[in-house]
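Structure, as structure tokens:
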Amino acid sequence: MCGIVGYIGNLEKKKLIIGGLRELEYRGYDSAGISVLSQGQLHTFKAVGKLVNLEKKCETFASSGFGVAIGHTRWATHGKPTEANAHPHFADFSNVVHNGIIENHREIKECLEKKGHHFVSQTDTEVIVHLFEEKLKTFTDTFEAFKQTIAELRGAYAILLITQKEPEKIFYAKNASPLIIGKGEDGIFFASSDAPLIGLATDVSYLEDQSVGYMDLNGFESLDLVVKLNQDKGYAQKDGFRFFMEKEIYEQHTVLLESMMGRTNEGKVIFDFRDGQFCDEIEEITICACGTSYHAGMVGKYLLERYGKIKTNVVIASEFRYANPILKKNELFVAISQSGETLDTLEAVKYVKTFGNKTLAICNVDNSSIVRECDEVLLTRAGIEKGVASTKAFATQVMVLWLLSVFLGQRRGVLAPSEAETLIKVMVESAKKTEVSHKLHDRIKRLSKRYLHGHGFFFIGRDVFYPLALESALKLKEISYLHAEGYPSGEMKHGPIALADSELFTVALMPEHLLYEKIKSNVEELSARDATICALSAKEFDGADDMLYISPCSHYMEEFFSMMVALQLFALEVAVRVGSDVDMPRNLAKSVTVE
Ligand code: AGP
């Protein structure tokens, strides 16, 4: 995930900015850069890869006296991780760093190109600094030009801009991406999270959305909501959460919106595939993945068949290659992977390419092996996921597959425009449903103590709730080491019901808006045999021993995302009670590069 730092003051700026970026390294990045403006001169350095590469680039540079500086670590979303795409981006006399996504960057770029602006990167960010310099042709007041620039941007952003026109100021804007301004003995500091500010700033202001302003050495006092900065670094890296996994669960409502950004417009899904005809003539899809990504693929099958009306197969990567698979000529092969390095999935892609089929990666890491191997990519934009047990990566994989299903439905002319429009609205609502309420989390904390023994868990559901049941069972297994299975609820009566007794914990996923009556009778069958039932629903169910209420929803996918969060928290809280290592469970690795 991208990171931002900024500084106004007299300390040596290169050292300070790179030091700040180092505090953000844990968030993951693939390139970095800094700009220092001192004594009227702008100096910019960028490098691909780790910060040591950037340090080498500016080895002989040092700044002295007063100045301003900005820095950035980039996690590629628009354009490859190259030096040209690394921030800061520049125009003639100004530089900018940005976190987030500018949804309307294409329109702005086209318009600026007609006015003679020349762009050197593939990023959405570069338009900001060019637009600002264009505005300065009309508005002589620099801040007015900056405000006018921000007013034209659509999307999420945390922006810092420096310009030779006002060498003592940093201009900033914030909407839906975090930005903090701090003050300490040695000046004014900016960062996208607490960690770089620790030890430097004592007082901070966490900017609100829609903030647009500028800061100089005397401006901090005018800020609202100033608080003392907690100086604990470990706490800061986890944004105050106990575990990375917990932080990642709480981040889902933001990253889900990021995974949609720039991909919908006026009731339509749009993808910027390099080949505009990439999806034409596709008659069937095979999705291939492992673990959690495989479960996302299973959800994708329901959505692709329902909205894209396209036959979809889902295969486990390790089972695929050696089974002499038969692929049709117009079959699209979709590889899903959080890391982009999973060997089973990577080898499956290589194998499929020998047949000449089109390949698409749905991946969280740009420039990873799977991304490089596939013809096209849809990045999930979840940001780095540190918890070994995947949470936000799964959520964004499902969202991207859902977008793909609507995209294909439109492209194939099988989805009515009004339905596509409605589904896009439901996507936004679904993302919002993943915002964790303290009430829900507290309830799950309390409930978890009743589910620490017994002879196993069954998570049951139908349709998309079946792969969610599989995923929830996997989450619980991975971090609490308790035995859990996911099952289609209608299938319990064909065997597993024999296990039912009071020591069998059944977690029943009971959406109001999809097959409620069907799943209800399946759960009643278990309840009648004295299984302990924990039901997840917005609707009260008499046969449950425990109810875990989700908030009322108007669509089954909203229920899907609401339940997903509750089930991730359930696994987390059970794991906390059994005392396992939540972020690094035994025997597991984040990236599995063996067969
Ligand atoms: C998820 O919680 C797991 N750690 C694991 O199942 C993972 O999803 C699987 O190894 C696939 O990884 P990938 O998405 O990086 O390819």
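Read the numbers this way: they start at 1 and go in the same order the structure lists the ligands and their atoms. The analysis underlying the following values was restricted to heavy atoms, covering all of them including side chains, and did not include hydrogens, waters or symmetry mates.
- For residues 296-308, the set of pairs meeting the salt bridge (Lys or Arg N to Asp or Glu O under 4.0 Å) definition, not counting sequence neighbours, comprises Lys301-Glu305, Arg306-Asp463.
- Checked against a 6.0 Å centroid threshold, the rings of Tyr451 and Phe570 count as neighbours.
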Protein N/O near ligand 1 N/O, under 3.5 Å, which pairs?
residue: ligand 1; atom: 2 (O); partner: Thr292; partner atom: OG1; Å: 3.3
residue: ligand 1; atom: 2 (O); partner: Ser390; partner atom: N; Å: 2.8
residue: ligand 1; atom: 2 (O); partner: Lys475; partner atom: NZ; Å: 3.0
residue: ligand 1; atom: 2 (O); partner: Glu478; partner atom: OE1; Å: 2.8
residue: ligand 1; atom: 2 (O); partner: Glu478; partner atom: OE2; Å: 3.0
residue: ligand 1; atom: 4 (N); partner: Val388; partner atom: O; Å: 3.1
residue: ligand 1; atom: 4 (N); partner: Glu478; partner atom: OE2; Å: 2.9
residue: ligand 1; atom: 6 (O); partner: Thr292; partner atom: N; Å: 3.3
residue: ligand 1; atom: 8 (O); partner: Thr292; partner atom: N; Å: 3.1
residue: ligand 1; atom: 12 (O); partner: Thr342; partner atom: OG1; Å: 3.4
residue: ligand 1; atom: 14 (O); partner: Ser293; partner atom: OG; Å: 2.5
residue: ligand 1; atom: 14 (O); partner: Gln338; partner atom: N; Å: 2.7
residue: ligand 1; atom: 15 (O); partner: Ser337; partner atom: OG; Å: 3.4
residue: ligand 1; atom: 15 (O); partner: Gln338; partner atom: N; Å: 3.4
residue: ligand 1; atom: 15 (O); partner: Ser339; partner atom: N; Å: 2.9
residue: ligand 1; atom: 15 (O); partner: Ser339; partner atom: OG; Å: 2.7
residue: ligand 1; atom: 15 (O); partner: Thr342; partner atom: OG1; Å: 3.3
residue: ligand 1; atom: 16 (O); partner: Ser337; partner atom: OG; Å: 2.6
residue: ligand 1; atom: 16 (O); partner: Thr342; partner atom: OG1; Å: 2.4

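- Partners of Tyr250 according to the side-chain hydrogen bond (donor to acceptor under 3.5 Å, both in side chains) rule, which considers only residues two or more places apart in sequence or in another chain, are His441.
- Remark: Glu246 engages Arg242 in a salt bridge (Lys or Arg N to Asp or Glu O under 4.0 Å) (not counting sequence neighbours).
- Salt-bridge formation is not detected for the pair Lys433/Glu429: no Lys NZ or Arg NE/NH1/NH2 atom is positioned less than 4.0 Å from an Asp or Glu carboxylate oxygen.
- The side-chain contact (heavy atoms from CB on, under 4.5 Å) test with Leu509 is passed by exactly one of Leu567, Ile550, Leu514, Val523: Leu567.
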